[in-house]
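A quick write-up on the structure given underneath.
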Protein chains: 2
Amino acid sequence: MSTHVKHLPADERRAVTVEAVVELAGSQNPSEITTAAIAKHMNLTQGALFRHFPTKDAIWQAVMEWVAERLLARIDCAAQGIESPLAAMQAIFMSHIEFVAEHPGVPRMMFGELQRAEQTAPKRIVQTLIQRYGERLHRLIEEGKACGELSAALDTEAAATLFIGTIQGLVMQSLLAGNVEHIRHDAPRVFAIYQRGIGSAQ
Amino acid sequence: MSTHVKHLPADERRAVTVEAVVELAGSQNPSEITTAAIAKHMNLTQGALFRHFPTKDAIWQAVMEWVAERLLARIDCAAQGIESPLAAMQAIFMSHIEFVAEHPGVPRMMFGELQRAEQTAPKRIVQTLIQRYGERLHRLIEEGKACGELSAALDTEAAATLFIGTIQGLVMQSLLAGNVEHIRHDAPRVFAIYQRGIGSAQ
DNA sequence: TAAAAGATAGTAATTAGTTACTATCTTAAC
DNA sequence: GTTAAGATAGTAACTAATTACTATCTTTTA
């Protein structure tokens, strides 16, 4: 039927708003997304947004909470039940890439928030997200070194930094090409080099 | 002496403007840099800027030309006279990192321009810059494979993408820590892993 | 169970503040 | 003393946020 829904419950409206922002960030600079643009994208008047969010920054906060929740859930799910630390890292990598391919705006929003000079709520959420992500990587890398899968001489911190960088490099490449689909194709090839860099055997 | 200079020749004023933008980008989101902020940072009135640039986008164009010119010159200079392709790559990497440490706004501006939806002049300059950068990497990687320094089975494109990503990862880390100085310390450690990933021997 | 009353969600218009850009007057330098 | 460079004081368009009012659900009560 799809009755022309206009009145949505507050929590649903907030969810729709977050989705709208994530979608818009996929095709433009996040810091240039206006409340008018958000409202238009979800067929709502601009003022109505402020029935559900006190400020624009509160919208960004909700968006980054959405990102943090989903991304961590994804990578945790991907790694679950995998014995080998290296295989778990690969699974995390691929699920992260899949997430980015589905939502190309995500890395842009995260980078944008980190760039902010002031310490805002959404920025803090991103910092916490990456910190938690790093903890998981550290744990896996140490496990990998312990079980002999990874080089015993490996610099754990550097390896975690490069893991994130590997993804950032792919994002950069997709921005250059103007094509997000390629990222799925390139990801395994780039990870192969990373794996060789951290692995114990040639 | 440093006499209180107010009236500058047009070309000098343009150069000072570019420097002001580069500096500002080191401490805030590039897309939030206003013409008023640029003018204030160089002790000038906002309107006076438009004596030297027809539009704000023309300022960005000049800035990205400055970046492209300096960065390419730096890495070319760094690689000059180095026989070994792998050593040349390392020299390029370190000089790029040094450039970023001196001008933390540079990677932010480049990422910001690439994010633009429309095809603007400054965006095109960045695309050309990265393309040329990629060409140099491709050449070195192929040379490295030919002379046996790099793994013969290496995926050249993936290796170039990861090279850029390695730098991006370090930039991300410096944004997180809010400290650009660490990047000089972390860079060799991260490059060591990259080198192991592309090298021929263990 | 039907109507009244209240709560919730949305509209349209308006606000103060900001932005890039411009017109006009003033000053400094060769 | 002419002219390039800067100051001053605008403009129109846009931005986040607010307001008075309206539509639509939900609950209470006779």
Side-chain angles (χ1 to χ4, degrees), chain A residues 1-21 24-25 28-64 109 112-113 116-118 120-123, chain B residues 1-21 24-25 28-64 109 112-113 116-118 120-123:
Chain A
M1 15 189 287
S2 121
T3 51
H4 194 253
V5 225
K6 274 203 162 180
H7 279 66
L8 284 186
D11 52 347
E12 277 186 46
R13 181 57 79 195
R14 278 193 291 270
V16 171
T17 306
V18 167
E19 278 170 39
V21 173
L24 283 173
Q28 64 181 296
N29 193 326
S31 70
E32 282 165 11
I33 296 173
T34 63
T35 53
I38 299 169
K40 189 180 179 185
H41 195 257
M42 53 199 286
N43 293 316
L44 202 70
T45 54
Q46 185 250 349
L49 280 178
F50 292 90
R51 292 254 166 255
H52 307 287
F53 298 93
T55 62
K56 192 191 179 187
D57 224 49
I59 299 179
W60 277 112
Q61 187 175 339
V63 171
M64 297 326 292
M109 294 188 293
E113 290 300 329
R116 288 212 203 176
E118 345 83 80
T120 63
K123 179 177 179 179
Chain B
M1 8 192 287
S2 121
T3 50
H4 194 255
V5 221
K6 273 203 161 182
H7 280 63
L8 284 186
D11 52 346
E12 277 187 46
R13 182 55 79 195
R14 277 192 292 269
V16 171
T17 306
V18 167
E19 279 170 39
V21 172
L24 283 172
Q28 64 180 296
N29 193 327
S31 70
E32 281 164 11
I33 296 174
T34 63
T35 53
I38 299 169
K40 189 180 178 186
H41 194 258
M42 51 199 286
N43 293 315
L44 201 71
T45 55
Q46 187 246 357
L49 278 179
F50 291 90
R51 288 242 168 261
H52 307 287
F53 297 94
T55 63
K56 191 192 182 187
D57 225 48
I59 298 179
W60 277 113
Q61 187 176 339
V63 170
M64 298 325 292
M109 294 188 292
E113 288 301 327
R116 290 212 201 174
E118 343 83 81
T120 63
K123 180 176 179 182

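Worth saying up front: this structure is predicted, and the values here are computed from it rather than measured. Labels below follow one simple rule: chain letters A, B, ... track the order of the sequence lines, proteins then strands, and each chain is numbered from 1.
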Calculate the interatomic distance between A/Ile38 atom CD1 and D/dC14 atom P; express it in whole Å. 17 Å
In whole Å, I'd like the distance from the CH2 atom of B/Trp60 to the P atom of C/dA20. 11 Å
Considering only heavy atoms from C-beta outward, does the side chain of [X] approach that of [Y] to under 4.5 Å?
{"X": "A/Asp57", "Y": "A/Gln61", "result": "no"}
{"X": "A/Ser31", "Y": "A/Arg116", "result": "no"}
{"X": "B/Met109", "Y": "B/Val63", "result": "yes"}
{"X": "A/Leu44", "Y": "A/Arg13", "result": "yes"}
{"X": "B/Met42", "Y": "B/Leu49", "result": "yes"}

CD1/B/Ile38 to CD1/B/Ile59 distance, rounded to the nearest 0.5 angstrom? 4.5 Å
Quick one: stems for DNA chain D, with Watson-Crick or G-U pairs under 3.5 Å, at least three in a row? C:1-30 with D:1-30
As a quick check of understanding, evaluate side chain to side chain contact (heavy atoms under 4.5 Å, CB included) for B/Thr34 and B/Gln46, giving each step before the final call. CA-CA 9 Å; B/Thr34 63; B/Gln46 187 246 357; over 6 Å; no
Please determine whether side chain to side chain contact (heavy atoms under 4.5 Å, CB included) holds for the pair B/Thr35 and B/Phe53, giving the CA-CA distance in whole Å, both sets of side-chain angles, and the decisive distance to 0.1 Å. CA-CA 11 Å; B/Thr35 53; B/Phe53 297 94; over 6 Å; no
For nucleotides 5-19 of chain C, 5' to 3', base contacts (B), sugar-phosphate-only contacts (S) and non-contacts (-) with protein non-hydrogen atoms under 4.0 Å give ----BBBS------S
